[in-house]
Structure formats: C-alpha cells, structure tokens
Undergrad: 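I am attaching a structure below and will ask some questions about it afterwards.
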There are 2 protein chains.
Amino acid sequence: MSDRLIYLPLGGAGEIGMNAYVYGYGAPGKERLILVDLGVTFGDMDTSPGIDLIMPDMRWLVENKHRLEAIFITHGHEDHIGAVGYLWERLGVPIYARQFTGTLCRLKLEEAGQPADTVRITGARPEVTQVGPFTVQFVPISHSIPESAALIIDTPAGRIVHTGDFKLDGTPVVGDAFDPVLWHQIANEGQGVKVLTCDSTNIFSPHPGRSEALLANPILDWVMAQKGMVVATTFASNIARLKTLAEAGTAAGRKVCLLGRAMRRMVSVGMETGILTDFPDTIGPEEATNLPRNKVMLIVTGSQGERRAASAQLSRGRYLGLSLSDGDSFLFSSKTIPGNNRSVIRIMNQLSELGVDVYDDSDGTYHVSGHANRPDIEAVHDLLKPQIVVPMHGEHMHLREHMMIAQSKGSASIIATDGTMLDLTGDRPKIVDQIETGRVYLDGTQLIGAMDGVVRDRIRMALNGHALVSVIVDEEDNVLPDAWVELMGLSERTRNGEDLSSHIEGELAEFLEGADDRTVRDDGKMDEAIRKITRQVAMEEIGKKPEVTVIISRLMAD
Amino acid sequence: MSDRLIYLPLGGAGEIGMNAYVYGYGAPGKERLILVDLGVTFGDMDTSPGIDLIMPDMRWLVENKHRLEAIFITHGHEDHIGAVGYLWERLGVPIYARQFTGTLCRLKLEEAGQPADTVRITGARPEVTQVGPFTVQFVPISHSIPESAALIIDTPAGRIVHTGDFKLDGTPVVGDAFDPVLWHQIANEGQGVKVLTCDSTNIFSPHPGRSEALLANPILDWVMAQKGMVVATTFASNIARLKTLAEAGTAAGRKVCLLGRAMRRMVSVGMETGILTDFPDTIGPEEATNLPRNKVMLIVTGSQGERRAASAQLSRGRYLGLSLSDGDSFLFSSKTIPGNNRSVIRIMNQLSELGVDVYDDSDGTYHVSGHANRPDIEAVHDLLKPQIVVPMHGEHMHLREHMMIAQSKGSASIIATDGTMLDLTGDRPKIVDQIETGRVYLDGTQLIGAMDGVVRDRIRMALNGHALVSVIVDEEDNVLPDAWVELMGLSERTRNGEDLSSHIEGELAEFLEGADDRTVRDDGKMDEAIRKITRQVAMEEIGKKPEVTVIISRLMAD
C-alpha cells in the first residue's frame with residue numbers, strides 16, 4: 001500500500017482544553033509520527049471531584065512510541081503544555097519549542113524530575129526542524145501569550161498549516177504581530193497549503209477581533225479615575241496585559257505590586273528570555289502596605305475565581321499583609337470561562353461586602369480575546385486557500401460551524417473529534433480509524449483513568465452518602481447479630497426522629513439472626529443482603545439510597 | 001416604647017433565589033408579622049451535592065409564629081412559591097395570592113398533603129386584605145409569568161411598596177401590562193410611599209428592558225426559515241413566551257407539541273384560571289411522530305440544561321418516540337443562569353453531534369428578561385419618590401449598586417442581607433438586630449440544616465475519597481492485628497503498583513501489634529491513631545488524605 005498522511009487528535013477536538021494532535025506519514029500502520037502539544041484541562045466538582053488536572057489518554061501513542069519522532073509545542077498555555085511534566089516520560093522523544101515556551105517546558109520537566117535538556121529551543125521560520133518525513137517550521141503568530149507559533153509541517157503529501165491558538169493582532173503589545181505578508185508567502189510556496197488545521201474557539205463571535213493595544217487607554221483612564229487602592233486581575237500568562245496594566249498604574253503615579261506565584265514566574269521567564277522588555281519596576285507586598293492606598297496598584301492572579309489565588313484571598317480578607325476596604329477598586333481584565341461563573345461571582349460579592357467597587361469586562365472595555373473571531377478565521381481561509389480544512393480546538397458545535405464555513409468557501413472539511421483518525425492524502429479527508437481514547441486524571445500523585453470508577457464512586461458518595469456496615473462471623477460460622485453501622489454524609493435522624501444507624505442496625509440484626517448457614521458462609525450473599533436492607537431502610541426513613549460498604553470479619557480459630 | 005415598622009429578609013437578600021421577606025409592626029419584639037413569599041433555590045454539585053432544593057431557615061419565624069398573621073405570595077416562580085409545600089405546616093397561617101398564583105400554591109400544598117384551602121384567592125387592587133396592622137393590596141405588574149403582583153402594604157407608619165419581581169412591559173403578550181397611571185396614583189395617595197422594597201436583579205443592565213411582544217416577529221421569521229423539525233425551549237412558567245412560540249409554529253404551518261410536565265401544567269393552570277386564552281391547539285407526541293418533520297414544532301422544558309428535562313433527553317437520543325437528526329433546528333429562547341452554563345453547553349454539543357442546528361439568544365433576538373433593568377428601576381424610583389429604598393432580590397453587589405443609585409436620587413437606602421432586621425419607622429432605615437438565619441436542605445425526604453455537617457461530609461468524600469477501617473478487639477482486650485481496610489473513591493494502586501488497602505493493613509497491623517493496653521482499651525485513642533496512620537500512608541503512596549471511618553468491634557464474653 002502507498003504511503004499516507006494521517007491526523008489523529010488525542011485531545012482538544014470536541015472540547016476546549018488538553019490539546020494533543022498527532023500527525024503521521026508513511027505506510028498505513030507504520031506511519032512515522034509527531035505530536036503537536038501536550039496540554040491539560042481542569043477538573044470540576046460536577047464531573048471530576050477531587051481532580052486537579054485532566055490529561056489526554058496517551059495509550060495509543062505510548063503503544064506506538066517507537067514510531068514517534070518528536071513533540072512540538074506551539075505555545076506556553078497550560079492547555080498546550082501542562083501535561084509535559086506528567087506524560088513526557090512515557091513518550092521519551094525530543095520536545096521542540098521556541099525560547100519562551102521551551103523555557104516554561106524545561107521548568108515543568110525539572111519540577112517533575114525529568115531531564116530538561118530534552119527540550120530543544122528552536123528559532124522561528126526560516127529555521128526548519130527535520131524529523132522523519134516531516135519538515136517543521138515555527139511561524140510567529142499573535143495570541144494572548146508571547147511567542148505563540150503556528151506550525152508549517154511539510155510532508156511528501158503536501159503542506160500542513162497547524163495554526164495553534166491565534167488571533168490577527170497587528171499590535172499585540174508584547175510578542176509577535178500577525179504578519180499578512182509572511183502568511184501570503186506561506187500560502188504561495190510550492191504547491192500551496194494542502195491542509196489547514198485551525199483554531200475554532202471563537203467561531204461563533206461574529207465581529208472581527210480587537211487588538212491588545214486598544215486596551216491601553218481605557219485601562220489608563222480607569223486607573224486614573226480611582227481614588228483608593230487599585231487591584232487588577234488577568235491571566236498570569238497574558239504578559240502583554242500585565243504590561244498594559246503595570247504601565248497604566250505607573251503612569252497614574254502608583255507603584256505596582258505583582259501577587260501570585262504564576263504571575264511572577266511568567267514575568268520573570270519573560271524577562272529572562274528577552275520577550276519582555278521595559279516592564280515597569282515592581283514592589284513587594286511589604287512595601288505596598290507602607291504606601292498610601294492611592295499610590296498602590298496590585299496586579300493579581302485568580303481571574304477565574306480560583307480558590308487559592310490572590311484575588312480570592314484578598315476577597316476573603318487579608319493577604320500578605322494587604323487588605324481591601326471601602327473606596328478601593330477591583331478590575332477583572334479578563335473573560336470568565338463558562339463553568340467558572342459561580343466562583344467569580346462569589347469573589348465579586350465578597351469584594352462588594354468589603355465595600356470595594358468591582359469592574360469587569362461586561363461592556364467589552366477592559367479585555368480582548370486571544371482567539372480569532374469568525375471573520376478573522378475566514379480571512380485566514382481566504383489567505384491560505386487550503387484544499388482541506390480540519391477544525392480543531394473547539395467543542396463539537398464549534399468544529400461543526402467551522403466545517404460549514406470552510407465548505408461554503410470551497411474547501412473540503414470534516415469533523416474529527418478526539419480519537420478519529422483521518423487520512424489526508426487525497427483531495428478529501430477520509431475517516432480511516434477510530435482510536436480508543438479518553439481522559440486521564442491526576443489524583444493526588446497518581447494518574448488514574450477517567451473510567452476506572454474511582455471518581456464515579458466519589459460522585460456517588462457525594463450524591464447519596466455512604467453507609468458502612470461491619471459484621472463479625474465467629475470461629476463456628478455463627479454471625480454475631482450486632483452489626484455495626486456508621487453513616488457519612490447522611491441525615492442521622494429518621495422521619496420519626498429516631499437514630500438512623502440504630503434503626504438500620506435493628507433491621508440488620510433481625511436478618512442476621514434468621515440467616516441460614518448457606519448465606520452466612522457466603523460473603524457474596526451476605527454482602528448483597530446487607531446492602532439491600534441498608535438501602536431499603538434508608539430509602540424508607542430518609543428518602544436516600546446510600547452507597548453501602550460491608551465489611552465481614554471472620555474470626556479464625558487459633 | 002413606641003410601635004415600630006420592621007423589615008427582615010430571611011431569604012433573597014444577598015442572593016438571587018429563595019425569597020422570604022418579613023414585615024412587622026407593633027411594639028419592639030411584639031410586632032405583628034407578615035411574610036412575603038416563600039421560595040426555594042436549587043442545589044449544585046460544588047456546594048450542595050445530592051441536594052435538590054434549598055429553602056430559607058425559618059427558625060426565627062417559627063419561634064415567633066404566634067405573631068405571624070399571614071403569608072402573601074407575589075407570583076408563581078419557584079423562588080417565590082417553591083417552599084410552600086414544605087414549610088407552610090410549620091407556620092400554619094393563611095396564604096393570600098391572586099388566582100393563578102394561588103392555584104399553583106394549592107397544587108403544591110395538595111402534593112405535600114397539606115390543606116389547600118388555606119390559600120385565599122385575592123383580587124387585585126382596589127381589593128384590600130386586612131391582617132393585623134397591615135392593609136395589603138395586590139397590584140398587577142408585568143414579569144415573565146402571568147399575574148405577578150407588587151404589594152402595597154399600608155401600615156400605621158406609612159406605605160410600603162414591595163415590588164416583587166417586575167419589569168416595565170406595556171405589551172407583555174399574556175398577563176398584566178405595566179400601568180404608569182396606576183402607579184402614579186399609588187405614589188400620590190395619602191402620604192405617598194415611605195418604603196420601596198425593590199427588585200435588584202438587573203441593576204447592572206444599562207439599557208431599558210425590552211417588551212415580550214418584540215419577540216413575535218423574530219421568532220416567526222426563525223420558524224419560517226427552518227426546514228426540518230423545529231424545537232424551542234424556554235422556562236415552563238413563561239406562558240407568554242410559550243404562546244409566542246406556539247403561535248409562530250402555527251403560523252408557519254406546523255402542529256405544536258408541548259413536552260415536559262412542568263410546561264403542560266403551567267399551560268393547563270393558565271387556561272383553567274382564564275389567564276391564558278387563544279393558545280393554539282396542541283398535539284401529543286405520538287401524533288407528532290406521524291407527521292412530516294417540517295410540519296412539527298416541539299416546545300420543551302429544560303432551557304437550563306436540567307438532566308431529566310425534555311431538551312436533555314432529546315439531546316441524548318429518543319424521547320417519547322421522538323428523535324432529532326440532521327436538518328432539525330433547536331432554539332434556546334432563554335437566558336442561561338450563571339452556574340448552568342456547562343449543562344446547557346453540553347446539550348448544545350450533543351445536539352450538534354446529532355446534526356441539529358442550535359440557535360440561542362447570544363445576540364438578543366430570541367429572549368427578553370423578566371426583570372427591570374437599571375433605567376427601568378430608576379424610572380420606578382422617580383415615579384414613586386420613596387423616602388426609603390430597600391434593595392432586595394439580588395446578590396450583595398446588586399444590592400450595593402441599587403443602594404448607591406437610590407442614594408444618588410435622594411432616597412435613604414441601606415443594604416440589608418438575610419437576617420438583618422431594619423427599623424423603617426423613622427426617616428432613615430436603621431439596623432436593629434441580626435437574626436441567625438441560613439439555609440435548609442431538602443435531602444431525600446428530610447429537611448436538614450446546611451450547617452449540620454451532612455453535606456460537608458459528602459463534599460469531603462467527593463474531594464478526598466473515603467477509607468474504612470474495621471478493627472476487632474477480643475474478649476480479653478487483645479486487638480486482633482488483621483485490621484480490614486476498604487477504600488471508596490480512592491486509587492487502588494500505590495506508586496509502586498502495590499495494593500493500597502493491603503499496604504495500609506500492613507502498617508496498621510504493625511501499630512496494633514505494638515499498641516499498649518491503655519490505647520487498646522480506649523476507643524478514642526485507637527480511632528485517632530488508626531485514622532492518622534491511614535491518612536499518612538495514603539498521602540505517601542497516592543498523595544491523597546482520605547476521610548477515614550474506623551469501626552472498632554469489641555467482642556463480649558458470653
């Protein structure tokens with residue numbers, strides 16, 4: 001069989017988060033592979049209580065790692081880089097990234113006790129990286145973190161442009177501007193663009209995106225208008241925004257203090273790598289406490305309402321000696337990601353209780369998105385004239401909308417969600433395989449499968465409560481009738497005001513006293529019967545069917 | 001001491017939901033009381049897993065029920081009426097409401113096995129209800145459910161206008177229009193308005209609210225443009241919207257089918273009470289399955305992504321014989337309440353997977369709010385010229401913003417959140433007491449306090465998992481060293497791939513073998529030591545500190 005070009009998203013397609021896209025070229029089943037990005041997404045109480053980080057299931061790639069040439073990281077956002085420290089070890093191939101992104105990668109590997117020198121810092125186009133059948137170039141593109149890159153992946157089957165996350169920003173304040181001339185060249189070299197794998201995040205935003213530089217004046221005006229202490233929060237990685245905020249503070253005669261580990265780290269990596277220049281001088285929190293309130297601006301982490309971040313801590317009271325009060329002002333220079341609304345609103349209300357005036361981006365003045373909107377995406381289609389468009393970085397509805405736009409413009413297009421392998425060799429994309437994929441949870445220090453049942457059990461305990469029953473069977477296979485019941489997460493009182501544990505114990509004693517020898521000798525039968533009685537009694541008495549764990553202890557003759 | 005007029009919110013002030021406001025008049029501590037509204041709010045996985053309904057803590061009012069004259073219900077939304085079936089019994093006083101609202105109240109009481117005739121159907125102003133020192137009138141006002149009413153509460157200390165939920169809609173399609181002449185009268189009778197207790201929900205919406213009637217044309221155009229089956233969802237209680245949707249469907253040559261119990265109930269109560277006339281004929285789901293797809297319009301429950309509602313069921317596949325597919329269209333004629341985003345987005349994506357085109361209100365075409373926006377609220381302040389404005393029906397930030405607007409217009413105003421008792425007798429509101437209040441959860445069939453620890457334990461099990469340890473002490477106070485450990489919601493493998501339960505059992509055996517007599521005889525000491533070891537081992541091995549339940553069984557000599 002002849003060689004083919006394949007595409008296989010393992011994360012990021014059919015969801016926004018945990019990006020991981022595989023490309024392959026070669027004989028079917030023997031393609032040489034590269035991986036683009038290796039990100040995480042975040043857990044939530046609804047579907048993954050107790051889970052901090054979620055990563056793509058890499059089983060397929062690990063099984064095929066002898067075919068894997070390299071990993072390319074487009075930019076330093078957690079949903080593109082966050083799993084490097086946890087999953088690189090299983091893949092073991094070099095990581096290519098530009099300077100700033102590569103430095104963040106190295107920090108992650110170091111923290112995980114992995115060899116940081118596996119990261120090979122790579123220059124932007126025209127520098128090329130040759131791995132197997134792929135010739136890869138990093139193309140600077142604007143986004144909400146410096147040094148975001150699209151990848152040009154040239155293969156024997158033609159040119160792929162993988163956009164990564166991008167927007168069309170000619171004045172991004174920090175980092176690379178979008179350069180239409182460069183992209184025009186890319187579109188017109190050789191046979192042109194065969195495949196455009198393209199960011200779909202903002203496909204439903206109907207108006208052209210706005211430049212980061214547009215925020216400088218409104219933010220300066222806002223800071224100038226405030227009378228007390230000023231606090232602003234944004235994504236730690238949005239270094240351009242940090243600079244805009246800090247410059248506004250300085251111009252308004254205030255000293256700037258950065259709070260939050262992630263933010264200080266981003267600024268320091270930005271300076272080290274030369275990405276960030278002319279950042280205003282900052283002061284520490286102790287110095288900030290000693291200045292008059294109207295001479296201070298705090299720039300803090302926690303724009304998404306994260307419980308342990310600086311903004312949440314300030315909203316709850318004192319943080320590093322600093323506290324907010326009547327007359328102070330707080331700006332969310334950010335968009336709330338769906339699902340985080342409740343947390344952000346909670347902080348806003350807590351600030352309101354302190355007497356702080358809260359400002360957000362509800363009228364679009366203090367934030368711009370890092371992603372291309374629909375007209376911008378269309379402009380990129382028009383510029384690159386790809387034969388095939390593969391929508392990525394979106395939920396199903398984003399991918400579908402993007403596909404329809406691409407088709408209306410004359411490109412072939414298809415929806416490929418995580419696990420769907422496409423053959424891109426011909427004129428039209430073809431689905432050639434469906435790989436079993438999914439999610440892996442970081443739980444404490446362990447990686448566990450999303451389907452392992454651990455999290456399912458936690459959700460069940462959270463919804464239904466947990467009843468524990470301990471039963472003892474003596475040396476002669478006589479069951480002791482006083483079963484012991486402990487309840488956790490369940491109302492202790494029955495509808496008649498009795499104690500629920502005692503009530504269940506009573507019902508179990510009745511059963512145990514009458515249980516025949518066959519039942520008593522059989523752990524499975526005992527377990528089933530005890531579980532059933534416990535659930536029935538709880539349902540009758542308090543209207544809940546708890547999870548039940550039964551421990552049967554059999555005493556041994558000495 | 002002289003008589004005073006008091007106000008005490010028990011729910012709805014400092015939150016949006018579970019409204020319950022007390023007014024009182026009389027000698028301090030002996031005021032005669034009325035309660036306005038008795039609503040619920042809904043649980044969520046983050047803060048109240050396993051809880052369906054949340055109600056205000058009525059302890060204070062129950063303790064003072066000998067002083068309570070009556071309950072007045074402003075309108076039939078769950079956050080104003082939902083707790084009637086659960087809490088009325090504890091209060092035992094008559095409920096006053098208008099026809100439609102009262103009918104909904106009676107249904108709730110009947111379902112709860114309470115006497116429905118406690119509800120006294122009351123006509124609109126000029127009809128008056130005299131209870132104790134209060135003379136109360138129901139004043140028709142527009143909202144997103146028919147027959148919403150503001151209350152005029154005349155007291156010896158002056159007139160209170162309690163707006164309930166409202167908007168200024170001159171053409172509300174169903175129910176009462178806002179009548180400025182009527183309100184002008186109310187403002188100018190007698191001494192005018194002393195206190196305006198006012199809805200704050202949309203205080204941050206800067207533009208004047210839009211009329212329900214404006215939706216008819218866009219919705220008709222939308223239905224006309226669709227080629228396959230058409231589905232629309234909105235709040236079941238928004239009867240005006242149901243009518244607009246159904247009329248659009250009929251005008252477009254489609255038969256209309258209502259899906260969802262709540263929706264059919266609202267329409268039927270609407271027709272019974274004469275509120276709803278000229279509602280287009282509807283068909284049942286069986287008939288709908290037999291018609292061509294382009295001749296059917298479904299109007300369904302579940303606009304907030306509720307798992308068991310019709311829209312969620314349709315998004316997951318077949319429901320009552322009906323299923324959606326490529327070429328069908330689905331309209332969310334609704335706003336997503338913060339916190340429900342994830343659920344709604346999940347349904348949108350599932351519909352997208354079925355090939356259904358999804359439309360929502362992101363550009364403001366297919367939905368209008370039921371609440372007054374900032375300019376509308378200001379208009380009401382201007383119209384009523386109240387001496388005192390008490391902002392209600394809002395989170396803290398809404399109340400605060402509303403207070404500042406009122407003050408800027410020359411009214412006295414104050415923030416009073418749940419539990420704060422105001423004295424409204426004088427020119428300015430005064431805080432005179434802080435009542436202990438809170439939330440009560442409906443858990444299964446039991447009402448439990450939010451602070452009882454039940455839900456806290458569920459959250460802890462969900463975040464940390466649960467380890468159960470069973471230990472047996474024999475007749476001679478010798479502890480049997482083979483402790484038994486069961487894990488729930490915890491990874492079973494240690495970092496070295498061992499079985500975690502066995503590993504903990506091993507560590508516990510070591511401790512139990514060496515434990516001295518004093519420890520073994522003391523349940524408290526045993527429990528503490530076992531718990532500590534279990535948590536330590538789990539932390540070392542998997543990085544989690546589980547909840548631990550220890551059961552110590554002491555065998556008795558016969």
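Note that these values count all heavy atoms, side chains included, but never hydrogens, waters or copies made by symmetry. Residue numbers begin at 1 in each chain, while the letters A, B, ... track the order of the sequences.
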Undergrad: Can you confirm whether A/Glu498 is buried at CD, in the sense that more than 12 heavy atoms of other residues, nucleotides or ligands lie under 6.0 Å from that atom?
TA: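 Yes, CD of A/Glu498 has more than 12 neighbouring heavy atoms, counting only those of other groups under 6.0 Å.
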
Undergrad: Rounded to the nearest 0.5 Å, what's the gap from CZ on B/Arg554 to CG on A/Asp482? Could you check?
TA: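 That separation rounds to 14.0 Å.
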
Undergrad: Taking every non-hydrogen pair under 4.5 Å, which of B/His466, B/Met348, B/Glu486 racks up the most with chain A?
TA: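 Going by pairs under 4.5 Å, I would pick B/His466.
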
Undergrad: So which of A/Leu399, A/Val356, A/Val455 has the biggest tally of heavy-atom pairs under 4.5 Å with chain B?
TA: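 That would be A/Val356.
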
Undergrad: Tell me, side chain or backbone of B/Met404 under 4.5 Å from chain A's heavy atoms, or both, or neither?
TA: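 Answer is side chain: those atoms of B/Met404 sit under 4.5 Å from chain A.
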
Undergrad: Among A/Ser362, A/Pro49, A/Gly453, which has the most heavy-atom pairs under 4.5 Å with chain B?
TA: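 Of the options given, most contacts go to A/Pro49.
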
Undergrad: Can you confirm whether A/Leu555 sits close enough to B/Asp474 that some side-chain heavy atom of one is under 4.5 Å from a side-chain heavy atom of the other?
TA: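 Side-chain contact under 4.5 Å: no.
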
Undergrad: Looking at B/Ala462, B/Ala538, B/Gly543, which one has more heavy-atom pairs under 4.5 Å with chain A than the rest?
TA: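 Most heavy-atom pairs within the cutoff with chain A belong to B/Ala462.
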
Undergrad: Using heavy-atom distances under 4.5 Å, tell me whether A/Leu487 contacts chain B through its side chain, its backbone, both, or neither.
TA: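 Answer is neither: A/Leu487 stays 4.5 Å or more from chain B.
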
Undergrad: Are the charged groups of A/Arg342 and B/Asp44 less than 4.0 angstrom apart, N to O?
TA: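 Yes, A/Arg342 and B/Asp44 are salt-bridged.
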
Undergrad: Closest heavy-atom contact between A/Gly489 and B/Asp457?
TA: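 In this case the closest contact between A/Gly489 and B/Asp457 is N-CB, 3.7 Å.
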
Undergrad: When heavy-atom pairs shorter than 4.5 Å are enumerated against chain A, which of B/Glu547, B/Lys545, B/Met488, B/Arg495 gives the highest number?
TA: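 Looking at each of B/Glu547, B/Lys545, B/Met488, B/Arg495 in turn, B/Met488 comes out on top.
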
Undergrad: Need one label for A/Asp357: side chain, backbone, both or neither, based on atoms under 4.5 Å from any heavy atom in chain B.
TA: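 Answer is both: backbone and side chain atoms of A/Asp357 are under 4.5 Å from chain B.
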
Undergrad: Check whether any side-chain heavy atom of A/Thr47 sits under 4.5 Å from a side-chain heavy atom of B/Arg346, and report yes or no.
TA: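 In short, these two side chains touch, coming nearer than 4.5 Å.
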
Undergrad: Between A/Ser343, A/Pro206, A/Gly355, which residue shows the highest count of heavy-atom pairs closer than 4.5 Å to chain B?
TA: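 With the most close heavy-atom pairs to chain B, the winner is A/Gly355.
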
Undergrad: Look up atom CG in B/Leu354 and atom NE2 in A/His396, then write down how far apart they are to the nearest 0.5 Å.
TA: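 Taking CG in B/Leu354 and NE2 in A/His396, the distance rounds to 9.0 Å.
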
Undergrad: Tell me the closest heavy-atom pair linking B/Lys544 and A/Gly444, and the distance in Å.
TA: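 Shortest heavy-atom contact: CD-N, 3.5 Å.
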
Undergrad: Is the number of heavy atoms from other residues, nucleotides or ligands within 6.0 Å of CD (A/Gln407) greater than 12?
TA: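 Above 12, so yes.
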
Undergrad: Mark yes when over 12 heavy atoms from residues, nucleotides or ligands other than B/Arg456 sit less than 6.0 Å from its CZ; otherwise mark no.
TA: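 Atom CZ in B/Arg456 is crowded, with more than 12 foreign heavy atoms closer than 6.0 Å.
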
Undergrad: Roughly how far, to the nearest 0.5 Å, is the CG atom of A/Asp452 from the OG atom of B/Ser491?
TA: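 One gets 7.5 Å once the value is rounded to the nearest 0.5 Å.
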
Undergrad: Please give me the minimum heavy-atom distance between B/Ile472 and A/Ser553, naming the atom from each residue.
TA: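 The pair with the smallest heavy-atom distance is CD1-CB, 3.3 Å.
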
Undergrad: Do side-chain atoms of A/Asn341 reach the backbone of B/Gly339 as a donor and acceptor pair under 3.5 angstrom?
TA: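 The answer is no, because no donor-acceptor pair under 3.5 Å joins these two groups.
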
Undergrad: Is any side-chain heavy atom of B/Glu15 closer than 4.5 Å to one of A/Asn349?
TA: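 With C-beta onward as the side chain, the pair stays apart.
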
Undergrad: Any side-chain to backbone donor/acceptor pair from B/Arg400 onto A/Glu353? Under 3.5 Å, distance only.
TA: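 The answer is no, because no donor-acceptor pair under 3.5 Å joins these two groups.
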
Undergrad: For A/Ile448, which atoms come within 4.5 Å of any heavy atom of chain B: side chain, backbone, both, or neither?
TA: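 For A/Ile448, the side chain is the part near chain B, not the backbone.
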
Undergrad: Quick check on the interface: out of B/Ile345, B/Ile542, B/Leu463, who has the most heavy-atom pairs with chain A under 4.5 Å?
TA: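 Winner by heavy-atom pair count: B/Ile542.
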
Undergrad: Does some side-chain heavy atom of B/Arg458 sit less than 4.5 Å from a side-chain heavy atom of A/Met461?
TA: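 The answer is no; the side chains never approach within 4.5 Å.
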
Undergrad: Please look at A/Glu492 and chain B and tell me whether the side chain, the backbone, both or neither of the residue comes under 4.5 angstrom of a heavy atom of that chain.
TA: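 Looking at A/Glu492, nothing touches chain B.
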
Undergrad: Report the C-alpha distance between B/Ile551 and A/Leu468 in whole Å, list the side-chain angles of each, state the deciding distance to 0.1 Å, and finish with yes or no for side-chain contact (heavy atoms from CB on, under 4.5 Å).
TA: CA-CA 9 Å; B/Ile551 299 183; A/Leu468 327 173; 4.3 Å; yes

Undergrad: Out of B/Val358, B/Thr549, B/Ile459, B/Asp443, which one racks up the most heavy-atom pairs below 4.5 Å with chain A?
TA: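 With the most close heavy-atom pairs to chain A, the winner is B/Asp443.
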
Undergrad: Side chain from CB out, backbone as N, CA, C, O: work out which of these in B/Glu541 comes under 4.5 Å of a heavy atom of chain A, or both, or neither.
TA: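 Only the backbone of B/Glu541 comes within 4.5 Å of chain A.
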
